[in-house]
Amino acid sequence: MRLKCMIVADPTAGDAELLAGQCERLAETRHIATSVREVEELLARQQPELLVLSLELKGAALEAFIAKLQKTTDGPLVIVTYRELSVPRMEELAGLGLEDFVPHPADALQIFRAASRRFHMPFRRHDRFSVTMDVSRADGVAVGRSIDISEGGLCMSAQHPLVEGESILVDLPLPDAVKPLRVRCNILRVEGQAPTPVTVRMQFARLRGREHRRLVTYLAELAKTTKP
């Protein structure tokens with residue numbers, strides 16, 4: 001399931017194009033704009049459900065534009081991205097009806113989550129694959145077994161006590177080498193209560209370089225033999 005249309009507005013075209021590309025699974029068509037005028041022109045021609053708007057689009061017209069947009073009952077969800085944002089400035093924007101603020105460089109995952117909250121639809125940035133593997137802490141203590149895995153994180157069944165909001169360093173035994181994939185995970189959600197097994201949803205953090213390529217290669221192999 002995808003939105004029909006979204007607009008990404010940032011004064012730096014390269015940044016707008018990058019984020020629009022990362023949101024390919026979120027919206028069928030993605031337009032970029034580098035000024036308030038371009039946003040207005042796109043809104044006149046398109047009917048986007050989502051507008052990702054950078055506060056770097058400076059000018060007195062920006063606040064007036066936002067205020068006008070928020071008064072439109074069928075207007076798009078507006079997610080604000082920023083490089084610097086003071087508390088008074090955030091409160092001012094919140095007074096206009098804005099609720100979602102994402103620091104620059106914008107994390108596409110936060111855009112997906114905001115869209116899911118607004119439209120009550122399970123937008124996914126990455127395919128999930130059903131796979132079972134042992135999940136251990138970096139010190140070797142077993143914490144559970146995976147239920148599914150994606151490029152962004154994993155879901156597992158665990159008896160080890162885990163707490164939402166905390167992070168944990170885990171080892172995943174990928175079949176490409178003797179050395180397991182070691183990755184920092186942020187615990188997003190824990191369902192159930194110990195001592196019975198709980199379901200834990202975790203997001204990978206700072207997975208880059210060679211280790212990220214190992215995971216992507218593993219998932220590509222899964223895609224050949226299983227359905228996400």
Side-chain angles (χ1 to χ4, degrees), residues 1-3 18-28 30 102 105-228:
M1 186 68 69
R2 291 191 293 176
L3 300 176
L18 177 61
L19 184 58
Q22 293 172 339
C23 292
E24 180 179 2
R25 290 174 57 87
L26 179 58
E28 294 178 6
R30 300 162 307 283
V102 178
D107 181 353
L109 185 59
Q110 294 188 51
I111 305 298
F112 276 68
R113 287 177 181 166
S116 292
R117 289 193 300 269
R118 167 65 177 269
F119 300 106
H120 307 290
M121 299 169 65
F123 299 110
R124 293 179 179 176
R125 184 180 176 190
H126 304 293
D127 285 331
R128 295 178 184 173
F129 298 90
S130 297
V131 63
T132 301
M133 68 172 70
D134 293 327
V135 180
S136 304
R137 290 191 328 209
D139 60 5
V141 175
V143 292
R145 291 176 66 82
S146 66
I147 298 172
D148 62 52
I149 188 170
S150 74
E151 187 178 342
L154 65 85
C155 179
M156 72 175 180
S157 175
Q159 290 183 314
H160 189 82
L162 297 170
V163 180
E164 290 184 9
E166 294 187 350
S167 68
I168 183 174
L169 192 63
V170 303
D171 284 343
L172 304 177
L174 299 189
D176 64 339
V178 175
K179 178 183 177 182
L181 175 71
R182 179 164 293 178
V183 57
R184 172 71 61 182
C185 295
N186 296 322
I187 301 172
L188 302 179
R189 188 168 65 252
V190 178
E191 299 175 354
Q193 187 172 3
T196 59
V198 297
T199 301
V200 184
R201 177 66 64 183
M202 303 194 296
Q203 176 188 348
F204 297 142
R206 300 188 296 276
L207 184 59
R208 306 184 181 93
R210 179 178 179 275
E211 297 300 89
H212 179 256
R213 291 193 296 273
R214 286 181 63 196
L215 177 62
V216 170
T217 300
Y218 170 64
L219 296 177
E221 290 299 316
L222 285 179
K224 296 177 182 178
T225 58
T226 63
K227 292 184 178 180

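Quick note: residue numbers are just sequence positions, from 1.
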Can you name the nearest heavy-atom pair linking V163 to V190, along with the distance? C-CG2, 4.4 Å

Below 4.5 Å, heavy atoms only, C-beta onward: do V131 and L154 meet side chain to side chain? no

State whether the side chain of R30 and the backbone N or O of A20 hold a donor-acceptor pair below 3.5 Å, judged by distance alone. yes

Check whether any side-chain heavy atom of R201 lies under 4.5 Å from a side-chain heavy atom of D148, and answer yes or no. yes

Using side-chain contact (heavy atoms from CB on, under 4.5 Å), reason through D176 and Y218 one step at a time and then give a plain yes or no. CA-CA 8 Å; D176 64 339; Y218 170 64; over 6 Å; no

Distance col, row Q203:CD vs S150:OG, nearest 0.5 angstrom, shows 9.5 Å

Enter the distance from R210:CZ to R213:CZ here, rounded to the nearest 0.5 Å. 8.0 Å

Interatomic distance, CD1@I111 vs OG@S116, rounded to 0.5 Å, equals 11.5 Å

Mind running side-chain contact (heavy atoms from CB on, under 4.5 Å) on V198 and L162 for me, showing each step along the way? CA-CA 9 Å; V198 297; L162 297 170; 5.8 Å; no

Using side-chain contact (heavy atoms from CB on, under 4.5 Å), reason through R145 and S157 one step at a time and then give a plain yes or no. CA-CA 5 Å; R145 291 176 66 82; S157 175; 5.6 Å; no

Given 3.5 Å as the limit, does a donor-acceptor pair link the side chain of R2 with the main chain of E24, or not? yes

Distance from M156 atom CE to M133 atom CE, nearest 0.5 Å? 12.0 Å

State the CZ-NE2 distance between R206 and H212, to the nearest 0.5 angstrom. 14.5 Å

Do you know the tightest heavy-atom contact between E211 and P180? OE2-O, 4.3 Å

Roughly how far apart are R214 CZ and L172 CG, rounded to 0.5 Å? 9.5 Å

Is a donor on one side and an acceptor on the other found under 3.5 Å between the side chain of S136 and the backbone of D171? no

Given the options V170, N186, L181, V183, F204 meets side chain to side chain contact (heavy atoms under 4.5 Å, CB included) only with V183

Considering all heavy atoms, the nearest R137-V143 contact: CG-CG1, 3.4 Å

